[in-house]
Amino acid sequence: MGIASHLKEEKFLVIALVVAVTATLLEHSVVEMGRGLALIAAAALVATIVLASIRVAHHAELLAVKVGDPYGTMILTLSALAVEVIILAIMMSGESSPTLVRDTIYSALMLDINGILGLAALLGGLKHGEQPYNDNSGKTYGVMILTAMGISMIVPEFVPSDKWHYYSAFTIVAMIALYGLFLRMQVGQHSYFFSYSYPRSERKKESPEEHGFEESAAMSIATILVGVVIIGLLAEFMSAFMTEGLRDSGAPIAVTAVVVAAISAAPEILTALRAALKNRMQATVNIAMGASLSTVILTVPVMEAIALYTGQPFVMAMTPVQTVMVTITLIAAAINLNDGETNAIEGMTHFILFATFIMLTALGL
């Protein structure tokens, strides 16, 4: 494939680069023109980041199909997580709220489990009825998420502020240890936990051409790296415009966190829904639950380390409302993902929890 044709195919990334250059030239002018224009500019940058993220996810999906599960969904979730961590790190360096990371992780959990998994199971269940998957994956993801959330976002409520640095360092080590063991399980002797053997007729439905197998892995990797760099540039300006646009507006602080979580999850939503509608619920479970686990277990140590290094104010303990919502979500997931099949009713329960999360956020809770 020639350079011209490749650039044409990657027009979203080219547009994103042009927008980043434009934002660089006009940043001060936009900020000086007031909050309204700043919010419009921030919204335009959010849309551009989502388009760039979709291209990054597309190439991650190409790699994922080539290597198969569980490596495939791991590539998808890690690419989305890289976008989220970059955006958070950039926003933390500005005038961000000390609860931004906490609220973003909480929002991501609600979006991944209740939003993505809920909607996918609902629509897939309405189309196919009961959809099978490997129940070992749901159980493993569930207990890992519960442990990681408990250690990093519930227990800190009871840690005195003068001892926070010690517990923060412990949290970093604990998260790395948890993820190290999980990664060994996922790609090693327990990799079968995260895969499901579909009937031969189901496997035939996915043709190599559909996923663009003609593209080389090296090109996909290079495009992912370029895309992540462009997203980082866009995120820096989005942070500045959003901070200025929301200043003294009375909007809930958590709005920014929801936006960051939604940006990183946007490509995953499309992939998970496609998998569910094709009656391949295993991929949906891996994406939704794997993204939730990766968000907690990898974002926490990176952000905690940045906070320890810079000395920035940093709050990880969830509010009572957040704790209740996470508890209900994980209990519902433990019950629904216990039998190896999802259906529309199970999907609806999670989607109603997601609607509740949106309502609480709008109320500033």
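Hydrogens, waters and symmetry mates are skipped; everything else that's a heavy atom, side chains included, is used. Nothing fancy with the numbering, it's 1 onward along the sequence.
With rounding to the nearest 0.5 angstrom, the CD atom of Glu304 is 11.5 Å from the CZ atom of Phe170. Rounded to the nearest 0.5 Å, atoms CG (Leu100) and CE (Met303) are 9.5 Å apart. How far CE of Met316 is from CG of Asp103: 9.5 Å, rounded to the nearest 0.5 Å.
Here Arg274 pairs with Glu61 under the salt bridge (charged side-chain N to carboxylate O under 4.0 Å, His left out) rule; sequence neighbours left out. The side-chain hydrogen bond (donor to acceptor under 3.5 Å, both in side chains) search around Thr361 returns none, not counting sequence neighbours. Remark: Leu17 engages Ile230 in a side chain to side chain contact (heavy atoms under 4.5 Å, CB included) (not counting sequence neighbours). Val229 is linked by a side chain to side chain contact (heavy atoms under 4.5 Å, CB included) to nothing, counting only residues two or more places apart in sequence or in another chain.
The distance between the ring centers of Phe357 and Phe351 does not fall below 6.0 angstrom.
Within the structure, the salt bridge (Lys or Arg N to Asp or Glu O under 4.0 Å) test picks out no pair touching residues 147-173 (sequence neighbours left out). Residue pairs meeting the salt bridge (Lys or Arg N to Asp or Glu O under 4.0 Å) criterion with at least one member in residues 336-356, sequence neighbours excluded, do not occur.
The closest side-chain donor-acceptor pair between Glu10 and Thr223, if any, does not fall under 3.5 angstrom. Under the 3.5 Å distance criterion, with hydrogens and angles disregarded, no donor-acceptor pair is assigned to the side chains of Thr342 and Asn336. Counted by atom type alone, Glu130 and Asn343 present zero donor-acceptor pairs between their side chains at under 3.5 Å.
Using modelled atom types, no side-chain atom of Ser168 and backbone atom of Trp164 make a donor-acceptor pair closer than 3.5 Å.
Under the 4.5 Å side-chain criterion, counting only non-hydrogen atoms from C-beta, Leu337 is not in contact with Asp135.
Crowding of Met185 atom CE: a count of heavy atoms from other residues, nucleotides or ligands under 6.0 Å exceeding 12.
In this structure, Ala42 and Met238 approach most closely via the heavy-atom pair O-CG, 4.1 Å.
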